Amino acid sequence: MAYAYWKSGRVKDVAVFDLFFRQNPFQGEFTIFAGLEECLKFLQNFHYSDSDINYLKSTLPASVEEDFYVFLKQLNAESVTVYAIEEGSVVFPRVPLMRVEGPLIIVQLLETTLLTLVNYARYFHIYTFLFYFTFKFSFVS
């Protein structure tokens with residue numbers, strides 16, 4: 001998709017996406033928002049290294065123009081704005097946890113990783129809580 005946006009001249013188009021979840025895990029009534037810190041670190045360090053570009057060149061079709069790789073090499077997330085609920089807050093399904101605004105091509109490239117970071121953190125924290133609660137409860141009795 002990034003190549004299609006670049007090829008059609010949509011590099012400066014602005015996009016907004018909301019990151020949310022559809023249902024609480026484990027049939028719960030609420031969820032604790034986690035993963036914001038990891039998302040912000042990812043955004044701060046987002047760029048394509050030489051090895052990333054070489055990998056893309058080896059996997060994408062030969063018809064992809066060299067200028068596209070030059071474009072990717074200079075990409076970063078400086079032009080992206082993130083609005084988010086405070087990490088550790090109680091959150092509910094279908095309520096946006098984060099809103100990401102910026103150039104279409106960049107936010108499209110960021111979206112999957114941001115979703116993964118929040119989903120992993122959300123489940124990791126819930127498992128940790130459940131383990132702690134079960135462990136503590138078993139020794140209190």
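Owing to the predicted nature of the structure, the values given are computational and were not obtained by experimental measurement.
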Undergrad: Would you please test Lys73 and Asp52 for salt bridge (Lys or Arg N to Asp or Glu O under 4.0 Å) and show each step?
TA: CA-CA 9 Å; Lys73 182 73 175 126; Asp52 295 332; over 6 Å; no
Undergrad: Say whether Tyr5 and Leu60 are linked into one hydrophobic cluster, either directly or through other cluster members, by side-chain heavy-atom distances under 4.5 angstrom.
TA: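 Both belong to a single hydrophobic cluster.
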Undergrad: In Å, rounded to the nearest 0.5 Å, how long is the span from CD1 of Ile53 to NE2 of His47?
TA: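 With rounding to 0.5 Å, CD1 (Ile53) is 9.5 Å from NE2 (His47).
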Undergrad: In terms of hydrophobic clusters joined by side-chain contacts under 4.5 Å, are Phe20 and Leu40 together?
TA: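 No, no single cluster joins them.
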Undergrad: Counting only pairs under 3.5 Å, give me each side-chain donor-acceptor contact of residues 97-106, with atom names and distances, residues two or more places apart or in other chains.
TA:
| residue | atom | partner | partner atom | Å |
| --- | --- | --- | --- | --- |
| Arg99 | NE | Asp18 | OD1 | 2.7 |
| Arg99 | NH2 | Asp18 | OD1 | 3.3 |
| Arg99 | NH2 | Asp18 | OD2 | 2.9 |

Undergrad: When rounded to the nearest 0.5 angstrom, what is the spacing between CD in Glu65 and CH2 in Trp6?
TA: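 These two atoms lie 4.0 Å from each other.
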Undergrad: Quick check against the 3.5 Å criterion: does Thr116 have a side-chain atom that pairs as donor or acceptor with the backbone of Thr112?
TA: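 The answer is yes, because a donor-acceptor pair under 3.5 Å joins these two groups.
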Undergrad: Would you check, one step at a time, whether the test side chain to side chain contact (heavy atoms under 4.5 Å, CB included) holds for Val118 with Cys39?
TA: CA-CA 8 Å; Val118 170; Cys39 289; 3.7 Å; yes
Undergrad: Can you check whether Phe33's main-chain N or O pairs, donor with acceptor, with Glu87's side chain at less than 3.5 Å?
TA: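 Not at all, since once roles are kept as given, no pair shorter than 3.5 Å links the two residues.
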Undergrad: Keeping to residues at least two apart or across chains, list the side-chain hydrogen bond (donor to acceptor under 3.5 Å, both in side chains) pairs with something in residues 74-85.
TA: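 Sorted pair list comes back empty.
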Undergrad: Please find the pair of heavy atoms, one from Ile32 and one from Gly88, that lie closest to each other, and give the distance.
TA: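 Smallest heavy-atom distance, with atoms named: CG2-O, 3.6 Å.
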Undergrad: What about the rings of Phe30 and Phe92, do their centers lie closer together than 6.0 Å?
TA: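 No - the distance between ring centres of Phe30 and Phe92 does not fall below the 6.0 Å cut-off.
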Undergrad: For Ser51 and Asn54, does a side-chain donor sit closer than 3.5 Å to a side-chain acceptor?
TA: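 Judged by distance alone, the side chains do not pair up.
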Undergrad: Working to the nearest 0.5 Å, report the span between CG of Leu43 and CG of Leu114.
TA: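 Here the rounded value is 5.5 Å.
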Undergrad: Just how far is it from atom CG of Leu19 to atom CD1 of Ile85, taken to the nearest 0.5 Å?
TA: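 Between Leu19 CG and Ile85 CD1, I get 10.0 Å after rounding to 0.5 Å.
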Undergrad: Hey, are the side chains of Glu111 and Val107 touching, using non-hydrogen atoms and a 4.5 Å cut-off?
TA: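 They are not in contact (no side-chain heavy atoms under 4.5 Å apart), so the answer is no.
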Undergrad: Please tell me whether Met1 and Val16 are part of a single hydrophobic cluster in this structure, the criterion being side-chain heavy atoms less than 4.5 Å apart.
TA: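 They do not share one cluster, since no chain of ILVMFWY contacts under 4.5 Å joins Met1 to Val16.
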Undergrad: Measure the CG-OH distance between Leu75 and Tyr48 for me, rounded to the nearest 0.5 Å.
TA: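 Rounded to the nearest 0.5 Å, the CG-OH separation comes to 7.0 Å.
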Undergrad: Linking I/L/V/M/F/W/Y whenever any side-chain heavy atoms sit under 4.5 Å apart, do Phe46 and Val14 land together?
TA: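 No; Val14 is not reachable from Phe46 via cluster members.
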Undergrad: Once rounded to the nearest 0.5 Å, what's the spacing between atom NZ of Lys57 and atom CG of Leu72?
TA: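 The NZ atom of Lys57 sits 10.5 Å away from the CG atom of Leu72.
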Undergrad: So, for Ser89 and Glu86, which heavy atoms are closest and what is the spacing to 0.1 Å?
TA: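 Closest approach of Ser89 to Glu86, heavy atoms only: OG-O, 2.7 Å.
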